[in-house]
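As structure tokens, the structure follows; a few thoughts come after it.
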Amino acid sequence: MGNSLFIKNAAQLITMEGHCDKPAVREEMSSFNIIENGSVYIEDGKVVEAGPHEQLEGKYTAAEEIDATGKVVTPGLIDPHTHLVHAGTRENEYAMRLKGKSYMEIMEAGGGIHSTTRATQEASHEELYEQSRKRLNQFLLHGVTTIEAKSGYGLTLEHELKQLEVAKQLNDNHPVDIVSTFMGAHAIPMEEKENPEPFVSRVINEMIPEVAKRKLAVFNDVFCERGVFTPEQSKRILEAGREYGLVPKIHADEIEPYAGAELAAAVGAISADHLLRASEQGIKDMAEAGVIGVLLPGTAFFLMAEFAQARKMIDAGVAVALSTDANPGSSPTISLPFIMNLGCLKMGMTPEEVLTAVTINAAHAIGAEKEAGSLEKGKKGDVTIFDVPNYLTLSYQYGMNHVDTVIKEGRTLVAGGRLL
Ligand code: NIG
Ligand code: FE
């Protein structure tokens, strides 16, 4: 009995089981089991059994019970691409964009990522921690139990380490799990624009070795984009990270087609993210190399750009995951449920595919598939309970938060839609 929890009688229980070895692709993304009147038993933070209520009934005596009658139970949602740790906001640039300035014009003039970099460099560890902790609570309230978080608003060794240290401390102190990515190659510092090579060299020779030595990140990400890092520079940075055990990720083909998807396949990245302008060849290469496509429709929505071709990617065999890209410039939201709506309405995904994309496929995109992303024996007891009668409603009613209860490793953290 000990620390044990019985969630019972869900109108629909979706376990997402059966994809712990490989992400779901093609029709696997929409062919999960829907268990009516389902229950889950969790002990010492781990799932013991999830299945039809009659199969579990009478078998376990739990310290705590949650009645999920009339509700939908899923694995805790996973957001595989966020810029959680940063200081400040950029509503002024939003207003400029509404008057016709473009995202890249603003960045080239010293705003954009540079503006958040200045704010993040100026912020103390404690200030960054506090701002990020509040955002993490918002993720939790929206049903998210694991996120990835990137550095990249420091751009010097000192400030990149500060961002990663904050993420580590939040991971230790806050129940939401954080998987860290080093993204020193997020922008070229303004004063080095004309001659970026010394900066690229500092990322490779100074930052990557130190981040790896301190074990502050699992992944290494690059903003491969015209006017930022070229495919050639991106390749060198990703390969250098690999030497130090940092697995490549890439911001690819976000604003312009730039052969980012092709590069992701060539370097064996775990994921290529954004892909709004990915080429046919890039999509094919990703499917063949098993690179997960992390799509961020909140960014296309907020930048008023064309959306990534999720339908085409899934049909080509790319495993797709969805994420908020939470950041102050191109996607100021923490709502993964809203991203699910956009996945359906703007990228041609089905309600089943979007659910797979924010659970087990998202887990694969950050190497967390053995412990999270599905409700199966031995995995973490991370569960989200939505106050809706069926999962279809999740991607049908939009701009609402249907989260009722969030459980992290068997502990109830959100109940009745409120933080406990
Ligand atoms: O994923 N593209 C680069 N990075 C972020 C945006 C960061 C920002 O604007 O602050 C993105 O869109
Ligand atoms: Fe991003």
Side-chain angles (χ1 to χ4, degrees), residues 79-94 96-97 101-121 123 128 131-132 135 147-155 159-160 163 167 179-190 219-229 234 237 248-256 258 260 264 269 271-278 292-308 321-334 336 339 342 362 365-366:
D79 192 332
H81 178 141
T82 85
H83 301 259
L84 174 80
V85 181
H86 64 264
T89 53
R90 307 218 299 264
E91 59 276 29
N92 55 332
E93 293 178 7
Y94 168 61
M96 283 159 77
R97 284 198 303 105
K101 278 254 180 295
S102 81
Y103 176 79
M104 289 308 274
E105 276 167 3
I106 293 170
M107 177 166 169
E108 273 147 28
I113 294 173
H114 302 297
S115 146
T116 302
T117 298
R118 284 189 293 276
T120 304
Q121 288 184 344
L128 265 186
Q131 291 190 31
S132 309
R135 284 191 280 272
I147 69 166
E148 182 259 19
K150 302 174 195 298
S151 67
Y153 292 121
L155 306 189
H159 295 293
E160 286 293 307
Q163 270 193 284
V179 180
S180 280
T181 296
F182 168 66
M183 197 178 179
H186 195 195
I188 295 159
M190 271 313 269
F219 302 108
N220 179 30
D221 198 340
V222 180
F223 188 11
C224 178
E225 190 71 43
R226 195 177 300 286
V228 194
F229 295 92
S234 302
I237 291 165
K249 274 186 174 277
I250 174 166
H251 278 61
D253 305 316
E254 177 179 352
I255 315 283
E256 283 184 36
Y258 207 36
S271 72
D273 302 32
H274 286 289
L275 303 169
L276 273 55
R277 312 293 306 275
I292 297 171
V294 175
L295 305 184
L296 312 152
T299 309
F301 171 74
F302 194 70
L303 295 185
M304 299 173 280
E306 62 187 81
F307 286 76
L322 286 174
S323 161
T324 58
D325 193 21
N327 76 72
S330 70
S331 190
T333 184
I334 50 74
L336 201 49
I339 300 302
L342 290 177
I366 56 171

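The residues of the chain are indexed from 1 along the displayed sequence. Note that ligands are numbered from 1 as they come in the structure, with each ligand's atoms numbered from 1 the same way.
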For Arg97, salt bridge (Lys or Arg N to Asp or Glu O under 4.0 Å) partners two or more places apart: none
Report the residues that fulfil salt bridge (Lys or Arg N to Asp or Glu O under 4.0 Å) with Arg135, sequence neighbours left out, ordered by chain and then residue number. none
Of all the non-hydrogen atoms in the protein, which one sits nearest to [atom], and at what distance?
atom: atom 11 (C) of ligand 1; value: Asp325 OD2, 3.1 Å
atom: atom 10 (O) of ligand 1; value: Tyr153 OH, 2.6 Å
atom: atom 12 (O) of ligand 1; value: Ser330 OG, 2.6 Å
atom: atom 2 (N) of ligand 1; value: Glu254 OE1, 2.6 Å

Do the side chains of Arg277 and Glu256 get close enough for a salt bridge, i.e. N-O under 4.0 angstrom? no
By number and element, which atoms of ligand 1 are closer than 4.0 Å to a non-hydrogen atom of [X]?
X: Arg90; result: 8 (C), 9 (O), 10 (O)
X: His186; result: 3 (C), 4 (N), 5 (C), 7 (C)
X: Tyr103; result: 6 (C), 7 (C), 8 (C), 9 (O)

Does a donor on one side chain and an acceptor on the other come within less than 3.5 Å for [X] and [Y]?
X: Ser115; Y: Arg90; value: no
X: His251; Y: His186; value: no
X: Ser323; Y: Asp325; value: no
X: Thr82; Y: Asp79; value: no

Pick from His86, Glu160, His83: which one makes a side chain to side chain donor-acceptor pair (under 3.5 Å) with Ser151? Glu160
How many angstroms lie between CD1 in Ile147 and CG in Leu336, if you round to the nearest 0.5 Å? 10.5 Å
At a cut-off of 2.8 Å, what protein N/O/S atoms sit near the Fe ion (ligand 2)? His81 NE2, His83 NE2, His251 NE2, Asp325 OD1
Is the contact between His86 and ligand 1 made by the side chain, the backbone, both, or neither, using heavy atoms and a 4.0 Å cut-off? neither
For Met107, is the nearest heavy atom under 4.0 Å from an atom of ligand 1? no
Holding to ring-ring contact (aromatic ring centres under 6.0 Å, His included), I want the full list of residues that pass it with Phe307, two or more places apart in sequence or in another chain. none
